[in-house]
Amino acid sequence: MRRVTYKDGYIYKSYSKQDLLDPIEIIENRINTINHFDWSIPGLLNTLITEEENSYIYRQKYCKQQKKQFYEEGDFNGLLETLTYFQQIGFVHGDLNKKNIFWTKDGFKVMDYEPSLFQFKNGRKQFMTTKPYFSNKELKKGEVSFLTDKIAFFYFILRINGGFSNRKLIELTRTFNHRSILGLSEKELNEVCYKSILNIAFKGLKILY
């Protein structure tokens with residue numbers, strides 16, 4: 001990513017084509033999917049990616065972030081609809097963390113639909129996600145699926161409601177032992193829906209508090 005600018009209520013990002021490392025057909029399919037999102041889905045932010053000679057220009061509507069001290073299960077309804085929609089159309093976000101999901105007066109909004117999940121950044125190839133909220137097994141194979149989004153969604157819920165300490169984060173970054181925290185194996189997690197993951201997370205929060 002070369003630069004980020006703000007203008008007329010939109011965020012603009014410029015991506016050099018040579019820094020996007022997925023195969024060109026995957027990049028083009030992903031961009032086409034993003035450009036044709038159903039913008040009536042409540043958690044989406046209007047986005048358009050256009051092509052220039054050596055780069056892609058990403059434009060996303062700017063939305064002001066707000067904060068709550070604690071989030072109830074019902075606050076996640078729009079986000080659940082959004083993530084279910086992603087799964088229905090085959091779009092893996094890849095980086096569902098508290099920087100890319102934020103609370104607004106209209107509920108949770110999801111941003112940062114990268115044109116390629118593998119990019120050349122800071123002198124090396126990187127997977128555009130946040131440790132350790134992804135399937136390490138998948139990443140070692142060079143694959144990313146909805147399993148990664150489900151793992152990230154679970155930790156997102158815990159992080160924003162104070163149920164995930166920095167100590168746990170450091171431990172998980174070393175071991176990627178998701179089962180010790182989620183109570184589910186990656187295979188089991190892959191088979192459940194986002195609503196079930198929300199219920200599991202809030203059961204854990206009730207035990208904590």
Side-chain angles (χ1 to χ4, degrees), residues 20-23 25-45 47 49 60 71 73 75-102 107-119 126-160 164 169 172-173 175-204:
L20 305 182
L21 301 179
D22 277 312
E25 62 271 16
I26 291 179
I27 295 172
E28 290 178 348
N29 286 340
R30 186 172 174 87
I31 289 173
N32 184 61
T33 298
I34 294 168
N35 285 341
H36 290 89
F37 279 164
D38 179 354
W39 301 114
S40 68
I41 302 297
L44 297 179
L45 286 172
T47 303
I49 302 177
Q60 184 165 71
Y71 300 87
E73 285 190 65
D75 292 333
F76 291 85
N77 289 340
L79 181 56
L80 287 174
E81 184 178 346
T82 302
L83 299 181
T84 301
Y85 170 71
F86 282 162
Q87 191 162 14
Q88 289 172 343
I89 65 173
F91 180 81
V92 177
H93 184 282
D95 196 13
L96 296 174
N97 65 71
K98 65 178 185 177
K99 293 183 295 183
N100 292 333
I101 306 176
F102 52 88
F108 283 113
K109 297 292 182 181
V110 181
M111 65 175 296
D112 220 7
Y113 319 126
E114 297 281 352
S116 173
L117 291 180
F118 290 93
Q119 298 180 25
Q126 293 190 27
F127 171 44
M128 303 304 292
T129 194
T130 303
K131 286 184 177 182
Y133 310 135
F134 55 81
S135 167
N136 200 38
K137 292 178 182 177
E138 284 191 345
L139 189 59
K140 286 180 178 178
K141 297 178 182 177
E143 301 172 353
V144 185
S145 76
F146 294 108
L147 174 59
T148 283
D149 279 355
K150 289 178 178 180
I151 289 171
F153 176 57
F154 181 89
Y155 291 128
F156 167 74
I157 298 167
L158 294 188
R159 287 304 298 274
I160 64 170
F164 196 62
L169 178 64
L172 187 58
T173 302
T175 66
F176 280 90
N177 184 11
H178 298 299
R179 182 163 196 156
S180 67
I181 299 172
L182 278 72
L184 295 174
S185 67
E186 289 195 359
K187 181 180 180 182
E188 291 168 330
L189 184 63
N190 205 29
E191 293 172 353
V192 299
C193 65
Y194 286 103
K195 177 65 174 176
S196 296
I197 295 171
L198 179 67
N199 292 339
I200 293 168
F202 267 84
K203 283 180 183 176

Checklist line | Test log, rule side chain to side chain contact (heavy atoms under 4.5 Å, CB included), inputs F102 and L45 | finding: CA-CA 11 Å; F102 52 88; L45 286 172; 3.9 Å; yes

Can you see which heavy atom on [X] is nearest to which on [Y], and at what distance?
X    : Y    : result
F108 : D75  : CD1-O, 3.5 Å
L96  : F156 : O-CB, 4.2 Å
L117 : G94  : CD2-CA, 4.2 Å
H93  : D112 : NE2-O, 3.3 Å
I49  : P115 : CD1-CB, 4.3 Å

Note to self: Test side chain to side chain contact (heavy atoms under 4.5 Å, CB included) on F146 and V92; report intermediate values, then the result.
What the structure shows: CA-CA 6 Å; F146 294 108; V92 177; 3.9 Å; yes

Notebook entry, point to check: In chain order, what residues pass the side chain to side chain donor-acceptor pair (under 3.5 Å) check against N97, with sequence neighbours excluded?
Noted result: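 Partners of N97 under the side chain to side chain donor-acceptor pair (under 3.5 Å) test: D95, T130.
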
Item checked: F37 vs F86, ring-ring contact (aromatic ring centres under 6.0 Å, His included): CA-CA, chis, key distance, verdict -> CA-CA 9 Å; F37 279 164; F86 282 162; 5.5 Å; yes

Next item on the list: Determine, step by step, whether H36 and I89 satisfy the side chain to side chain contact (heavy atoms under 4.5 Å, CB included) criterion, reporting the C-alpha distance in whole Å, the side-chain angles of both residues, the deciding distance to 0.1 Å, and the verdict.
Entry: CA-CA 10 Å; H36 290 89; I89 65 173; over 6 Å; no

Note to self: Quick check: Y194 with Y85 (ring centres under 6.0 Å apart)?
What the structure shows: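 No: the rings miss the under 6.0 Å criterion.
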
Rounded to the nearest 0.5 Å, how far apart are [atom1] of [X] and [atom2] of [Y]?
X    : Y    : atom1 : atom2 : value
D22  : F127 : CG    : CZ    : 9.5 Å
F154 : L198 : CZ    : CG    : 10.5 Å
Q60  : L44  : CD    : CG    : 9.5 Å
I26  : S116 : CD1   : OG    : 8.0 Å
E28  : L20  : CD    : CG    : 11.0 Å
D38  : E81  : CG    : CD    : 8.5 Å

Keeping [X] on the side-chain end and [Y] on the backbone end, is there a donor-acceptor pair under 3.5 Å?
X    : Y    : result
N190 : E186 : no
Y113 : R30  : no
T82  : G43  : yes
K109 : P42  : yes

Notebook entry, point to check: Between S135 and I151, does a side chain to side chain contact (heavy atoms under 4.5 Å, CB included) hold up when you go through it step by step?
Noted result: CA-CA 7 Å; S135 167; I151 289 171; 4.1 Å; yes

Notebook entry, point to check: Who are the salt bridge (charged side-chain N to carboxylate O under 4.0 Å, His left out) partners of E188, not counting sequence neighbours?
Noted result: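 Partners of E188 under the salt bridge (charged side-chain N to carboxylate O under 4.0 Å, His left out) test: R179.
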
Notebook entry, point to check: Which side-chain hydrogen bond (donor to acceptor under 3.5 Å, both in side chains) pairs, counting each pair once, include a residue from residues 142-154, with sequence neighbours left out?
Noted result: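 Residue pairs with at least one partner in residues 142-154: E138-S145, E138-T148.
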
